[in-house]
K.L.:
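One structure, pasted below without further comment.
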Amino acid sequence: MKDLSNAVNGKVILRFAPNPNGPLTLGHARGVTINSEYAKIYEGKIVLRFDDTDSKVKPPLKEAYSWIEEDYEWLTGKKPDIIVRASERMDTYLRYAVKMLDEGFGYVCKCSAEIFKQLRDNSKECRCRNKDPRENLSDWNEMIIGELTEGMAVVRVKTDMNLPNPALRDWPALRIQHSYHPMVGDKYKVWPLLDFQSAIEDHEQGVTHIIRGKDLMDSTRKQTLLYNHFGWNYPETMYWGRVKIHEFGSFSTSGMRKEIENKNYSGWDDPRLPTLRALRRRGFDSEAMRSYWIDLGLTQKDISVSLQTIESFNSSKIDSKCERRIFVRNPKKIKLDSNNFEIQKKLILNKHPLNEIEGHREWDLEDLEIYVESEDLEKTHIRLKDFADIKIEKSVGIIQSIDRVDKRPIVHWVPKSICKKAVLTIPNGNELIIQEGVIEDIQIVKNNIVQLERVGYAKIESINDEFIELLWLHG
RNA sequence: GCUCGUGUAGUGUAGUGGUCCAUCAUGAAGCCCUCUCGAGGCUUCGACCCGGGUUCAAAUCCCGGCACGAGCACCA
């Protein structure tokens, strides 16, 4: 990773500021990873800040606060140094708003949004701009006590109506919002907008470096203008570009929330969703995920990435910890004919091919009935992995050799006596593919991730008397 | 329309004037090994957006195009 500019070891303070309207997604993971890595490198601190100042367009979800803390901790392996909820810091924001009005670099604007936009686009000042502080404070008071209702007034930061970038001209800092807030109810009638709240809080927390999406570049510029008014120095700022993930297309937390409410998904951890809880449930390793985002780096380029890369990181991370098991899809029963070869009664197999995990699996071969994938039976001469070469004749496998003597394909198989029904669920875009089969029922432990030989990695989701449920991780 | 940003192999990324016939990862193809279509090893494929300029020398600096993206919300 690049160096942070003007960073002093031990003095760096970073922040990650999500809206608690749902749990963290794969996109958020970039912010968490990059910020926490820098905190680690510079022995600095990181603030987890909940930007929950809007209760109308993207209303906070009460449960999301703790979900996000969990997700954060899972991904970084530790708790944030400081946790701040904007809704609990309202008094501070309102105090600064008063200061701004009092010192004359802010004003209460009663123009409608449409009118103001017109004025702004033509570099014209609105009539509210030149009120004296006393009048502004009196208007402010009407906002605060709820006399003015939503849409009737807004507090603006005075910048310059001739700035080339129209977005920066007298931008709105606080607005009236009478809707119910899940954390503080209807205690406040006036709420700060992101640019104001975030600017004030960064200053209050002593944030030294801000790393955020480049869609927030104008925020930096707006906030710098505000900092100038207050006589503060703006933190060093870095940006990343927009990220698209092939497999998930474009998604939004609010969109997912709706789909979940409509029962189109089973919950925030539905395996089809790009939430961290869904990926965690499937068995993604947090370190692999971090390496992935670090590997992508911090550039302002808009990128379009594939989950394949993260899967590759994940495979190399988990492979040595995953025991092997056999899962036979679309199983077809085969009766073995020993053909006068001497067959061992038990087959001893490694839990891991390189013995990275100690221990064995014992297969009982007593009754000579086995399952093979029907697709593998398209060939008549196959080798049962770790066992014998056979020739298929009408559902009978005639053993031709115990040792491997030719290049016939090696297939996986399982004795009927040790297997159990299993169902593998594979998330595929918006669908769930269900594959039925039989699994080698030896030391199957709930929540373990196993490599199903010749199939891929899967998580043991549940075990009952009838069958075992498997959740697909990746190939 | 105004403002801002970005353009290096399929996908990411390194590279800030010569050490770059451009790094690494991922991917694809092939080979070796292996009793997994896994792991490992090897080989190959594949890129500096375009056009000018500065310079002995440009992926790197300058100008002009073009393309893509973002902001211009009383959302975050």
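Naming: A, B, ... by sequence-line order, numbering from 1 per chain.
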K.L.:
On the nucleotide B:rA39, are OP1 or OP2 found under 4.0 Å from the side-chain N or O atoms that A:Arg324 carries?
P.N.:
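No, A:Arg324 has no side-chain N/O under 4.0 Å of OP1/OP2 on B:rA39.
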K.L.:
Check the interface with nucleotides 58-64 of chain B: list each N/O to N/O pair with the protein under 3.5 Å, or write none.
P.N.:
none

K.L.:
As a quick check of understanding, evaluate side chain to side chain donor-acceptor pair (under 3.5 Å) for A:Tyr93 and A:Thr53, giving each step before the final call.
P.N.:
CA-CA 11 Å; A:Tyr93 309 142; A:Thr53 55; over 6 Å; no
K.L.:
Please assess A:His28 against A:Tyr72 for the test ring pair (Phe, Tyr, Trp, His ring centres under 6.0 Å), listing each intermediate value before the final yes or no.
P.N.:
CA-CA 10 Å; A:His28 288 112; A:Tyr72 179 98; over 10 Å; no
K.L.:
Using a 4.0 Å heavy-atom cut-off to protein, can you give one letter per nucleotide of nucleotides 24-29 of chain B, 5' to 3': B if the base is in contact, S if only the sugar-phosphate is, - if neither?
P.N.:
--SS--
K.L.:
Using the side-chain heavy atoms of A:Pro172, tell me which of these nucleotides is nearest: B:rA14, B:rA73, B:rC75.
P.N.:
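Looking only at side-chain atoms, A:Pro172 lies closest to B:rA73.
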K.L.:
Set out, line by line, the N/O atom pairs under 3.5 Å between protein and nucleotides 32-34 of chain B.
P.N.:
none

K.L.:
So, is A:Arg120 near the phosphate of B:rU3, with a side-chain N or O under 4.0 Å from OP1 or OP2?
P.N.:
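No, no such contact exists.
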K.L.:
Do we see a donor-acceptor contact under 3.5 Å between the side chains of A:Asp52 and A:Tyr65?
P.N.:
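Side chains of A:Asp52 and A:Tyr65: pair found under 3.5 Å.
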K.L.:
Along nucleotides 42-48 of chain B, 5' to 3', which nucleotides get a B, which get an S, and which get a -, given that the test is a protein heavy-atom distance under 4.0 Å?
P.N.:
-------
K.L.:
Looking only at the side chain of A:Lys385 (C-beta and beyond, no hydrogens), which of the listed nucleotides B:rG5, B:rG12, B:rC35 gets closest?
P.N.:
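Looking only at side-chain atoms, A:Lys385 lies closest to B:rC35.
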K.L.:
Using Watson-Crick pairs (N1 to N3, plus N6-O4 or O6-N4) and G-U wobble pairs, both distances under 3.5 Å, which stems of at least 3 pairs involve RNA chain B?
P.N.:
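Ordered by first number, the stems with RNA chain B (at least 3 consecutive pairs each) read B:1-7 with B:66-72, B:10-12 with B:24-26, B:27-32 with B:40-45, B:49-53 with B:61-65.
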K.L.:
Going 5' to 3' along nucleotides 66-71 of chain B, which nucleotides have protein heavy atoms under 4.0 Å from the base (write B), which only from the sugar-phosphate (write S), and which from neither (write -)?
P.N.:
---SSS
